2 protein chains.
Amino acid sequence: MSPYDPSAYPPFAVTVDLVVLTVRRHALCALVVRRGEQPFQGRWALPGGFVRGDEDLSAAAARELAEETGLCAHDPADPGAGNGAHLEQLATYGDPKRDPRMRVVSVAHLVLAPDLPAPRAGGDANSARWAPIDELLAASDEAAAGLAFDHARILADGVERARSKIEYSSLATAFCPPAFTVGELRRVYEAVWGVALDPRNFHRKVTGTPGFLVPAGGTTTRQGGRPAQLFRAGGATLLNPPMLRPEV
Amino acid sequence: MSPYDPSAYPPFAVTVDLVVLTVRRHALCALVVRRGEQPFQGRWALPGGFVRGDEDLSAAAARELAEETGLCAHDPADPGAGNGAHLEQLATYGDPKRDPRMRVVSVAHLVLAPDLPAPRAGGDANSARWAPIDELLAASDEAAAGLAFDHARILADGVERARSKIEYSSLATAFCPPAFTVGELRRVYEAVWGVALDPRNFHRKVTGTPGFLVPAGGTTTRQGGRPAQLFRAGGATLLNPPMLRPEV
DNA sequence: ATCATAGTCGTCTGCCTGACGATAAACAGA
DNA sequence: TCTGTTTATCGTCAGGCAGACGACTATGAT
């Protein structure tokens with residue numbers, strides 16, 4: 001074998017696909033776009049696109065994200081605040097038959113975003129929408145109803161990553177607006193995990209973990225009931241001990 | 001933008017790189033090979049190679065692993081036993097300048113293997129060896145002594161993955177021979193984490209976690225001292241509650 | 001025989017979590 | 001205005017688990 005001989009290796013197309021998750025109306029939702037061309041024309045798919053020749057993988061993911069949603073992703077390395085969503089690499093999918101036309105290797109990325117206004121259909125998609133992940137993954141069993149390509153698998157992997165990562169990191173705050181209440185954060189956990197948590201124990205846990213939350217001043221009654229204190233995400237990124245996910 | 005138009009996307013080379021870890025003489029070691037050609041000729045690098053045109057990414061990783069070490073990787077999905085090492089995808093590295101000659105996207109994989117006889121130098125490598133990771137990562141600061149390309153970064157990511165994954169999974173057994181003692185398993189944790197663990201509390205923890213270890217029958221005095229019971233890995237893959245890594 | 005080495009079983013204490021009672025502060029409607 | 005509903009927040013208590021460490025066991029080496 002002759003490594004690095006340009007004529008000896010087969011050419012690949014490299015794309016990024018995005019699993020963009022948010023919490024809307026107490027449900028975990030993913031951004032999907034409708035495909036405008038073959039194959040899988042008219043079917044829903046994860047947003048994504050080709051990596052450019054001089055572009056890093058994370059830069060390509062951030063660019064696609066901006067094109068589809070207008071969100072400005074902030075790299076975990078750079079904690080620049082603003083309305084930036086969390087972006088991280090998820091996994092890479094390269095089955096030779098995953099695209100019927102040619103050999104495509106897709107580097108999937110995971111984005112966690114606060115609830116947004118309606119997504120804007122940009123780029124090459126006919127339309128875009130937030131779909132509850134239950135709906136998307138349930139439909140993946142039926143032949144013609146599920147997501148295009150291997151996107152159901154990618155979505156499932158992304159959801160599983162998000163579910164496990166909020167256990168031991170403060171990443172759940174990425175689903176929240178800049179200032180939020182303990183109750184709003186709890187509803188994020190409940191939506192992502194699909195369980196009910198005890199409000200009192202949750203409150204004790206998050207307020208008792210140093211660096212997780214810092215008071216933002218002021219209160220809100222967005223949710224009705226007694227006014228709740230506003231917080232913003234503290235500097236801590238790791239939760240130790242972790243938040244325990246209740247048994248099924 | 002015209003997606004999936006073959007003339008519109010730049011061609012990439014796709015490779016797999018391997019972070020192969022083992023525990024030798026109470027130290028965490030990685031497999032490195034000496035580069036036989038430019039660039040970085042004569043420097044140490046992670047083993048790896050090009051993905052073939054009809055080959056899945058994990059298949060390419062398993063093939064490279066067999067070529068370099070003779071190890072038969074078993075996919076996490078398929079728990080076929082034997083002398084198979086654990087193999088999982090780690091992350092993908094695609095900086096446009098990571099290879100000075102052309103655009104190469106590398107899908108790194110992580111392999112956890114029991115201690116092996118001397119590695120066989122196969123394929124395109126002049127030679128191969130097990131190197132303590134402390135040594136490899138310490139040298140990465142100096143200009144000409146560290147690993148080739150961005151392999152120091154990839155190795156660091158792989159080591160970090162291994163360190164965190166043995167906390168909440170039974171993956172540490174992948175570093176052990178088919179039958180092993182509690183003390184041998186403890187020395188794996190100590191080598192990977194670089195800490196000392198209390199033998200009594202460790203024994204209580206691993207024998208008290210259902211499904212982690214099953215008695216293999218018989219005892220051994222490999223390590224001197226009182227004979228120790230032999231175990232093999234139980235069916236459980238997740239450790240709940242996790243093994244706690246002591247503070248630094 | 002004595003020592004060194006490793007393995008295994010127990011005990012105790014402190015921390016954290018789950019379960020749940022109680023109170024506080026808002027709003028809606030009678 | 002009073003009452004019920006909703007949500008937030010503080011407290012209490014028991015059980016589980018981990019860290020610290022004592023005690024005993026079973027081998028090989030000197």
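Predicted, not measured: the structure shown is a model, and the values here were computed from it. Reckoned from all heavy atoms, side chains included, excluding hydrogens, waters and symmetry mates. Here is how names work: the chains are called A, B, and so on, in the same order as the sequence lines, proteins then strands, and each is numbered from 1.
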Would you mind reading off the distance between [X] atom [atom1] and [N] atom [atom2], rounded to a whole angstrom?
X      : N      : atom1 : atom2 : value
A/E167 : C/dT17 : CD    : C1'   : 15 Å
B/R222 : C/dG7  : CZ    : P     : 11 Å
B/D198 : D/dG22 : CG    : P     : 11 Å
B/N240 : C/dC16 : CG    : P     : 18 Å
B/F231 : C/dG7  : CZ    : P     : 11 Å
A/E190 : D/dT7  : CD    : C1'   : 12 Å
B/E247 : C/dC15 : CD    : P     : 14 Å
A/L197 : D/dT7  : CG    : P     : 15 Å

Tell me which pairs pass salt bridge (Lys or Arg N to Asp or Glu O under 4.0 Å) where either residue lies in residues 203-229 of chain A, with sequence neighbours left out.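 As it turns out, the salt bridge (Lys or Arg N to Asp or Glu O under 4.0 Å) pairs with a partner in residues 203-229 of chain A, which skip direct neighbours, are A/E184-A/R222.
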
Q) Below 6.0 angstrom between ring centroids: does that apply to B/Y189 and B/F202? A)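 Judged by ring-centre distance (under 6.0 Å), B/Y189 and B/F202 do meet the cut-off.
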
Please confirm whether the shortest side-chain N or O distance from A/H203 to OP1 or OP2 of D/dT9 is below 4.0 Å.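 Looking at the OP1 and OP2 atoms of D/dT9, one of them is under 4.0 Å from a side-chain N or O of A/H203.
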
Practice prompt. Could you point out which residue of A/V19, A/L21, A/L90 forms a side-chain contact (heavy atoms from CB on, under 4.5 Å) with A/R161?
Written response: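 Between A/R161 and the candidates, side-chain contact (heavy atoms from CB on, under 4.5 Å) is satisfied uniquely by A/L90.
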
*Within a strict 4.5 Å, meaning less than it, do heavy atoms of the A/V206 and A/M243 side chains meet?*
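Result yes, sub-4.5 Å side-chain heavy-atom pair found.
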
*asked:* Check this for me: does the side-chain of A/R200 come within 3.5 Å of the base of C/dG21 through a donor and an acceptor?
replied: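 Such a pair exists between side chain and base.
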
Below 3.5 Å, can you tabulate the donor-acceptor pairs from side chains in residues 170-178 of chain A to any protein atom, sequence neighbours excluded?
| unit_1 | atom_1 | unit_2 | atom_2 | d |
| --- | --- | --- | --- | --- |
| A/S170 | OG | A/A236 | O | 2.9 |
| A/T173 | OG1 | A/S170 | O | 2.8 |

Could you list the residues that satisfy ring pair (Phe, Tyr, Trp, His ring centres under 6.0 Å) with A/H109, not counting sequence neighbours?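 A/H109 satisfies ring pair (Phe, Tyr, Trp, His ring centres under 6.0 Å) with no other residue.
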
Measure across A/A179 and A/L230 and return the closest heavy-atom pair with its distance rounded to 0.1 Å.
->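 So the minimum-distance heavy-atom pair works out to C-CD2, 4.1 Å.
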
Name the pairs: protein N/O against N/O of nucleotides 1-6 of chain C, kept only if under 3.5 Å.
none

Requested in this report: Apply side chain to side chain donor-acceptor pair (under 3.5 Å) to B/N240 and list each qualifying residue two or more places apart in sequence or on a separate chain.
Outcome: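 With sequence neighbours excluded, B/N240 shows a side chain to side chain donor-acceptor pair (under 3.5 Å) to no residue whatsoever.
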
Intermediate values then yes/no, side chain to side chain donor-acceptor pair (under 3.5 Å), A/D157 and A/Y93: CA-CA 11 Å; A/D157 290 348; A/Y93 300 82; 2.6 Å; yes

Nucleotide N/O of nucleotides 13-18 of chain D paired with protein N/O under 3.5 Å:
| unit_1 | atom_1 | unit_2 | atom_2 | d |
| --- | --- | --- | --- | --- |
| D/dA18 | OP1 | B/K205 | NZ | 2.8 |

